[in-house]
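Here the structure is laid out as structure tokens; the discussion comes afterwards.
To find a chain, count down the sequence lines: A is the first, B the second, and so on, and within it residues start at 1. No experiment lies behind these values; they were computed from the predicted model shown.
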Amino acid sequence: MIKIYNTLTQQKETFTPIEPGKVRMYMCGMTVYDYCHLGHARVLVAFDVVSRYLRSRGYDVTYVRNITDIDDKILRRAEENGEPFTDLTERMIDAMHEDEAKLGVLPPSKEPRATDYIAEMIAMIKTLIESDHAYVADNRDVYFSVESFEDYGKLSKKKLEDLLAGARIDVQEAKRSPADFALWKAADEGEVSWPSPWGNGRPGWHIECSAMSTHCLGDTFDIHGGGPDLMFPHHENEIAQSECATGHRFVNTWMHAGAIRVNKEKMSKSLGNFFTIREILETYPPEVVRFFLVSSHYRSQVDYSEDNLAEAGRSLARLYHALRGIEPMRSEDVSETEHDQRFVELMNDDFNCPGAISVLHGLANDINQHRREGREDEARQAARVLIRLGDILGILQQNPDAFFQADTGGELTAEDIEAKIQARADARKAKDFAGADRIRDELAEQGIILDDSREGTSWRRS
RNA sequence: GGCGCGGUGGCAGAGUGGUCAUGCAGCGGACUGCAACUCCGCGUACGCCGGUUCGAUUCCGACCCGCGCCUCCA
């Protein structure tokens, strides 16, 4: 029994898919006008884990994550760059795919792009106009009439009168109500546009997600997720559009990830305090970044700092140490253990990854203990379980040596290091400990740490 | 101002009405030529004040502090 915290009801609920055995989920993806930052990575990883976990529990998951490839910010950036907006978006989509792959984020089942769904958006807008939920304004924009939907605000718990009273809402002449939002924006001469019954224009931001999710998943689907800052107005508006257009409940479970913070402030584009995934990957291995992200619950906010990332690296290293130099037993020879059960118990409770990681550490401890006491089979079995559970979180799938010895731009090659290790072994054999220690110290200065064991000496980059 | 979330040991971070989170760092011991790795062990943790209770970090209320949303942002 899986429980998920539903933003809509503000409580954990037992998850019951609409269609038994199948899960239909949608996540709001990126607006591709710039490189992804850590906040994006957070959401990407969080929902990647959700989909992996649900699949591991036997669900047939259809995971749709859109790409917003038309938007004012994109047009502005392309204009600044002096390039067609499609060049910009193609480049950023490629970059995003690269970043995702590095972080171990599996491709979604479908990745619809807004520009491929203009017709569906227009159809939906038409329906909304026909049912008086939307209107064509004097400036040729089409707006959704917020007052026509009595549940408006149910997700973000906002009251319409409070929103209307809010001094920060821009009162546009053309809108009937200041809280109304654009479904279709009329294009000026020379602007990027598509033909529509209301003249040339481009879609508003929110309508694309309603059109794409409905088209790919149906009027009602199981899970809709996204970043914390999408709850209002984006998701609120999606609900309004979709429920008015289809007449059905839009989404059963709403999931929102917590924010990444830097110095106690939310990492965001507007504050400019963001770190892109690629710049962080210049310093930290991708798996460490992912481990850092899954080390805290998806709904809680996490503080980005070098120290926290470094600590995540040390914690992950402990897990890989346990796996090093061991041949895991074949999966089919390892049945479910109490560690698996504990892991599932924790993950069933709203995807408690930090708790699940504690199970992984328990497994590492078991492996080390078994090996120390010569129980090779037990160790190999536990190693299999560790790798199997790690896979659900998207970690621990590398060869441990590859993890420890990944080239971080040091001057020494693996061959150099092996040669020095041999030289040290010779010195030790000759009881020249001073000489042996000198070699070890020299390597340490280059960031190479040696681990001796009965089987020999292994090395890793610090 | 409205709405929402959170304050756990040196740090990170789960969780629970009454024996254990877990990791990092630290300390002691074992192992080691010495280290590293590993193993064993250690540390008056639950913002503050009341209330409920046999018993509260966990439930209720007040208070203090921090954060988020209310505008484009994952």
| request: Please assess A:Asp377 against A:Gln381 for the test side chain to side chain donor-acceptor pair (under 3.5 Å), listing each intermediate value before the final yes or no. | output: CA-CA 6 Å; A:Asp377 278 358; A:Gln381 178 175 332; over 6 Å; no

| query | For the side chain of A:Arg440 and the base of B:C34, is some donor closer than 3.5 Å to an acceptor across the two? | reply | yes

| query | Regarding A:Arg299 and the six-membered ring of A:Tyr5, is the cationic atom NZ or CZ under 6.0 Å from the ring centre and inside 45° of its axis? | reply | yes

| said: Between B:C20 and B:U32, how many Å separate the two C1' atoms, rounded to a whole number? | reply: 31 Å

| Any side-chain N or O of A:Lys159 less than 4.0 Å from the OP1 or OP2 oxygen of B:C70? | no

| said: For a quick check under 3.5 Å, do A:Tyr63 and A:Asp48 share a side-chain donor-acceptor pair by atom type? | reply: no

| said: Of the listed nucleotides (B:A36, B:A74, B:G2), which one gets closest to any side-chain atom of A:Asp162? | reply: B:G2

| query | Out of B:G23, B:C34, B:A21, which nucleotide sits closest to the side chain of A:Ser358? | reply | B:A21

| remark: Walking RNA chain B from its 5' end, the first of A:Phe433 and A:His206 to be reached, judged by nearest nucleotide, is A:Phe433

| field | Side-chain N,O (A:Asn365) to OP1/OP2 (B:C40) below 4.0 Å | value | yes

| query | Minimum heavy-atom separation for A:Leu88 to A:Ala78, with atom names? | reply | CD2-N, 3.8 Å

| N/O donor-acceptor pair, side chain A:Ser315 with base B:C24, under 3.5 angstrom | no

| task | Check whether any side-chain heavy atom of A:Ser51 sits under 4.5 Å from a side-chain heavy atom of A:Met27, and report yes or no. | result | no

| For A:Arg318 and B:C39, is the shortest distance between a side-chain N/O and OP1 or OP2 below 4.0 Å? | yes

| task | Could you give the distance separating B:U44 and B:C59 at their P atoms, to the nearest angstrom? | result | 26 Å

| query | In whole Å, what separates the P atom of B:G68 from that of B:A62? | reply | 24 Å

| said: Do A:Thr253 and A:Glu13 pair up side chain to side chain, a donor and an acceptor below 3.5 Å, judged on atom types alone? | reply: no

| task | Between B:G29 and B:C34, how far apart are the P atoms? Round to whole Å, please. | result | 14 Å

| said: Using atom C1' in both nucleotides, what's the gap between B:C40 and B:C67 to the nearest angstrom? | reply: 41 Å

| On a plain distance test, is the side chain of A:Asp303 in donor-acceptor contact with the base of B:A12 below 3.5 Å? | no

| request: Answer with yes or no whether A:Arg314 presents, from its side chain, a donor or acceptor under 3.5 Å of a partner atom in the base of B:G23. | output: no

| field | P atoms of B:C60 and B:G6, separation to the nearest Å | value | 12 Å

| Residue met sooner reading RNA chain B from 5', once A:Arg460 and A:Tyr298 are mapped to nucleotides | A:Tyr298

| Would one find a side-chain N or O of A:Asn368 under 4.0 angstrom from OP1 or OP2 of B:C37? | no

| Is A:Asp437 touching bases, backbone alone, or none of the nucleic acid, heavy atoms closer than 4.0 Å? | base

| query | Looking at B:G23, does its base get a donor-acceptor pair with the side chain of A:Glu311 below 3.5 Å? | reply | yes

| said: When the C1' atoms of B:C24 and B:G43 are compared, how many Å lie between them, rounded to an integer? | reply: 15 Å

| field | Residue A:Phe232, side-chain atoms from C-beta onward, closest of B:C69, B:A25, B:G23 | value | B:C69

| query | When you compare B:C46 with B:C11, how far apart are their P atoms, in angstrom units rounded to a whole number? | reply | 13 Å

| query | Hey, is the side chain of A:Asn308 poking within less than 4.0 Å of OP1 or OP2 on B:A12, counting only N and O atoms? | reply | no

| field | Residues A:Arg202 and A:Asp72 bridged, charged N to O under 4.0 Å | value | yes

| query | Picking from B:A74, B:C67, B:C5, which would you name as closest to the side chain of A:Val43? | reply | B:A74

| Each stem that RNA chain B is part of, given as range with range (3 or more consecutive Watson-Crick or G-U pairs, under 3.5 Å) | B:1-7 with B:64-70, B:10-12 with B:22-24, B:26-30 with B:38-42, B:49-51 with B:59-61

| said: Could you tell me how far apart A:Asn352 (CG) and B:G15 (P) are, to the nearest whole angstrom? | reply: 5 Å

| said: Between A:Gln369 and B:C40, is there a contact of a side-chain N or O with OP1 or OP2 at under 4.0 Å? | reply: yes

| said: Has A:Asp141 got a side-chain atom pairing as donor or acceptor with A:Ala186's backbone, closer than 3.5 angstrom? | reply: yes

| Are any side-chain N or O atoms of A:Asp350 and backbone N or O atoms of A:Ile4, one a donor and one an acceptor, separated by less than 3.5 Å? | no

| query | Which nucleotide sits closest to the side chain of A:Lys73: B:A36, B:C72, B:G68? | reply | B:C72

| said: Looking at B:U38, I'd like to know if its phosphate oxygens (OP1 or OP2) sit under 4.0 Å from a side-chain N or O belonging to A:Arg372. | reply: no

| task | Determine: side-chain N/O of A:His40 to OP1/OP2 of B:A74, distance under 4.0 Å, yes or no. | result | yes

| query | With a non-hydrogen cut-off below 4.0 angstrom, is A:Arg299 in contact with a base, only sugar-phosphate, or nothing? | reply | nothing

| field | Polar side-chain atom of A:Gln369 near backbone of A:Ile367 as donor-acceptor pair, under 3.5 Å | value | no

| request: Please state whether the phosphate of B:A14, meaning OP1 or OP2, lies under 4.0 angstrom from any side-chain nitrogen or oxygen of A:Ser300. | output: yes

